[in-house]
Amino acid sequence: MGDFFKKVHSIVCGIPFGAVMTYGQIAGIAGNPRASRAVGYALRATPEGVELPWHRVVNSKGEVSMRRSFSGDDDRILQRVLLESEGVVFSESGRIDLKKYRVRFLEHPAP
DNA sequence: CAGCTGACGCCAT
DNA sequence: TATGGCGCCAGCT
């Protein structure tokens, strides 16, 4: 487990209840803005014993992750259910309003 | 060391 | 708005 993965886990662990972050956003905070794919890989590599709000990570379009593996739709539905249980509302096309739910840490550049 | 893979992002159409 | 194609980078064989 590399340092990048640990950073990703640490960041995801800090996402507050009812909020979300995007893969690219997490990658940037972890130090590599273009390593968004590695963020997804880091989440997939999370040990089962570790508690991590993985469901609060969505892509740049506000959709839940694809996950075309054999698990298939189950995990996607689970992610949506978990988010809805935190008050996140999905549109009819299965997307959420990032303007409303995405957390901002180092944004709002100083004027 | 050289590929290969993947829970992604961005741009063009 | 929806697809498709290409780029990207960390970890693993």
Side-chain angles (χ1 to χ4, degrees):
Chain A
M1 185 89 64
D3 188 62
F4 184 84
F5 276 26
K6 291 183 179 177
K7 280 187 174 180
V8 170
H9 288 166
S10 176
I11 294 166
V12 173
C13 194
I15 304 177
F17 183 95
V20 302
M21 287 184 76
T22 67
Y23 291 93
Q25 183 180 8
I26 294 170
I29 296 174
N32 297 290
R34 304 172 209 162
S36 51
R37 304 191 69 172
V39 173
Y41 195 66
L43 294 183
R44 183 181 177 280
T46 305
E48 287 189 14
V50 184
E51 288 187 27
L52 210 61
W54 57 270
H55 58 281
R56 295 175 190 155
V57 182
V58 300
N59 64 25
S60 64
K61 291 177 287 230
E63 300 171 322
V64 298
S65 50
M66 306 204 182
R67 199 104 40 97
R68 322 183 176 213
S69 61
F70 49 87
S71 304
D73 304 321
D74 291 344
D75 291 335
R76 290 175 50 179
I77 296 174
L78 173 62
Q79 179 169 7
R80 174 166 174 161
V81 169
L82 288 173
L83 286 175
E84 288 178 331
S85 72
E86 298 186 359
V88 177
V89 179
F90 282 76
S91 70
E92 293 185 7
S93 55
R95 286 181 286 189
I96 70 178
D97 186 357
L98 289 178
K99 298 283 186 188
K100 184 175 181 181
Y101 300 110
R102 188 168 66 94
V103 306
R104 304 161 218 258
F105 280 101
L106 308 175
E107 302 180 67
H108 286 309

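Residue numbering restarts at 1 for every chain, and letters A, B, ... go by the order of the sequence lines. These numbers come from the heavy atoms of this one structure, side chains and all, not from hydrogens, waters or symmetry mates. All figures in this text were calculated on a predicted structure; none of them were measured in a lab.
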Chemist: Do A:H55 and A:L83 pass the side chain to side chain contact (heavy atoms under 4.5 Å, CB included) test, and can you show the C-alpha distance, the side-chain angles, and the key distance before you say yes or no?
Modeler: CA-CA 7 Å; A:H55 58 281; A:L83 286 175; 3.9 Å; yes
Chemist: With a 4.5 Å heavy-atom cut-off, do A:V57 and A:L43 have their side chains touching?
Modeler: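 They are in contact (side-chain heavy atoms under 4.5 Å apart), so the answer is yes.
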Chemist: Nearest whole angstrom, please: distance from the C1' of B:dG9 to the CG of A:L98.
Modeler: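 My rounded result for the distance is 13 Å.
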Chemist: Within the distance-only criterion (no hydrogens, no angle test), does the side chain of A:Y41 pair as donor or acceptor with the backbone N or O of A:F5 below 3.5 angstrom?
Modeler: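 Side chain of A:Y41 to backbone of A:F5, a donor-acceptor pair under 3.5 Å: no, none is there.
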Chemist: Tell me what A:Y23 touches on the nucleic acid: a base, only sugar-phosphate, or nothing, going by heavy atoms under 4.0 Å.
Modeler: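 Base, at least one base heavy atom under 4.0 Å.
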Chemist: Determine, step by step, whether A:R44 and A:W54 satisfy the side chain to side chain contact (heavy atoms under 4.5 Å, CB included) criterion, reporting the C-alpha distance in whole Å, the side-chain angles of both residues, the deciding distance to 0.1 Å, and the verdict.
Modeler: CA-CA 9 Å; A:R44 183 181 177 280; A:W54 57 270; over 6 Å; no
Chemist: Could you tell me which residues satisfy side-chain hydrogen bond (donor to acceptor under 3.5 Å, both in side chains) with A:T46, sequence neighbours excluded, listed by chain and number?
Modeler: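 Scan of A:T46 (side-chain hydrogen bond (donor to acceptor under 3.5 Å, both in side chains), adjacent residues dropped) gives A:H9.
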Chemist: Under a 4.5 Å side-chain heavy-atom rule over Ile, Leu, Val, Met, Phe, Trp and Tyr, are A:V8 and A:V50 clustered together?
Modeler: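 A:V8 does not cluster with A:V50.
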Chemist: Would you say a side-chain N or O of A:R95 is under 4.0 Å from OP1 or OP2 of C:dA2?
Modeler: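 The answer is yes; a side-chain N or O of A:R95 sits under 4.0 Å from OP1 or OP2.
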Chemist: Among the candidates C:dG11, B:dC8, C:dC9, find the nucleotide nearest to the side-chain atoms of A:F5.
Modeler: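 Nearest to the side-chain atoms of A:F5, counting from C-beta on, is C:dG11.
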Chemist: Rounded to whole angstrom units, what separation is found between the CD1 atom of A:I26 and the C1' atom of B:dA7?
Modeler: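 To the nearest whole Å, that distance equals 11 Å.
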Chemist: Between C:dA10 and A:N32, is there an OP1 or OP2 to side-chain N/O distance shorter than 4.0 Å?
Modeler: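 Looking at the OP1 and OP2 atoms of C:dA10, one of them is under 4.0 Å from a side-chain N or O of A:N32.
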Chemist: CZ of A:R102 versus P of B:dG9: gap in Å, rounded?
Modeler: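 Rounded to the whole Å, the gap is 11 Å.
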Chemist: N/O contacts under 3.5 Å, protein versus nucleotides 10-13 of chain B?
Modeler:
none

Chemist: For A:E84, give me all partners under side-chain hydrogen bond (donor to acceptor under 3.5 Å, both in side chains), at least two apart in sequence or on another chain.
Modeler: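 In terms of side-chain hydrogen bond (donor to acceptor under 3.5 Å, both in side chains), with neighbours along the sequence ignored, A:E84 is linked to A:R80.
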Chemist: In sequence, state the C-alpha distance, the side-chain angles, and the governing distance for A:R56 and A:V12, and then conclude on side chain to side chain contact (heavy atoms under 4.5 Å, CB included).
Modeler: CA-CA 8 Å; A:R56 295 175 190 155; A:V12 173; over 6 Å; no
Chemist: Given B:dG9, C:dA10, C:dA2, which nucleotide is nearest the side-chain atoms of A:T22?
Modeler: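 Shortest atom-to-atom distance from the side chain points to B:dG9.
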Chemist: A:H9 has an atom NE2; how far is it from atom P of B:dA7, in whole Å?
Modeler: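 So the two atoms are 13 Å apart, to the nearest Å.
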Chemist: With clusters defined by side-chain heavy atoms of hydrophobic residues (ILVMFWY) lying less than 4.5 Å apart, directly or transitively, does A:I96 cluster with A:V89?
Modeler: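 Yes; tracing contacts between hydrophobic side chains, which count when under 4.5 Å, links both residues.
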Chemist: Taking all atoms of both residues into account, what is the closest heavy-atom pair of A:A27 and A:A35, and its distance?
Modeler: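 The answer is CB-C, 3.7 Å.
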Chemist: Return the value, rounded to whole Å, for the distance between atom CE of A:M21 and atom C1' of B:dA7.
Modeler: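 It is 16 Å, rounded to the nearest whole Å.
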Chemist: Looking at residues 85-94 of chain A, who's got a heavy atom less than 4.0 Å off DNA chain C?
Modeler: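 DNA chain C contact set from residues 85-94 of chain A: none.
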Chemist: Rounding to a whole Å, what distance do you find between A:I29:CD1 and B:dC8:P?
Modeler: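 Taking atom P of B:dC8 as the reference, CD1 of A:I29 is at 18 Å.
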Chemist: When you compare the protein's N or O atoms with those of nucleotides 4-6 of chain B, which come within less than 3.5 Å of each other, and at what distance?
Modeler:
from	atom 1	to	atom 2	distance (Å)
B:dG6	N9	A:R37	NH2	3.3
B:dG6	N7	A:R37	NH2	2.8

Chemist: What's the CG-P distance between A:D3 and C:dC9, to the nearest Å?
Modeler: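 Spelled out: CG on A:D3 to P on C:dC9 is 17 Å.
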Chemist: Please list all pairs meeting side-chain hydrogen bond (donor to acceptor under 3.5 Å, both in side chains) that have one or both residues in residues 28-40 of chain A, counting only residues at least two apart or in different chains.
Modeler: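 Output for this query is empty, none listed.
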Chemist: Below 4.5 Å, heavy atoms only, C-beta onward: do A:S65 and A:N59 meet side chain to side chain?
Modeler: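 No, side chains not in contact.
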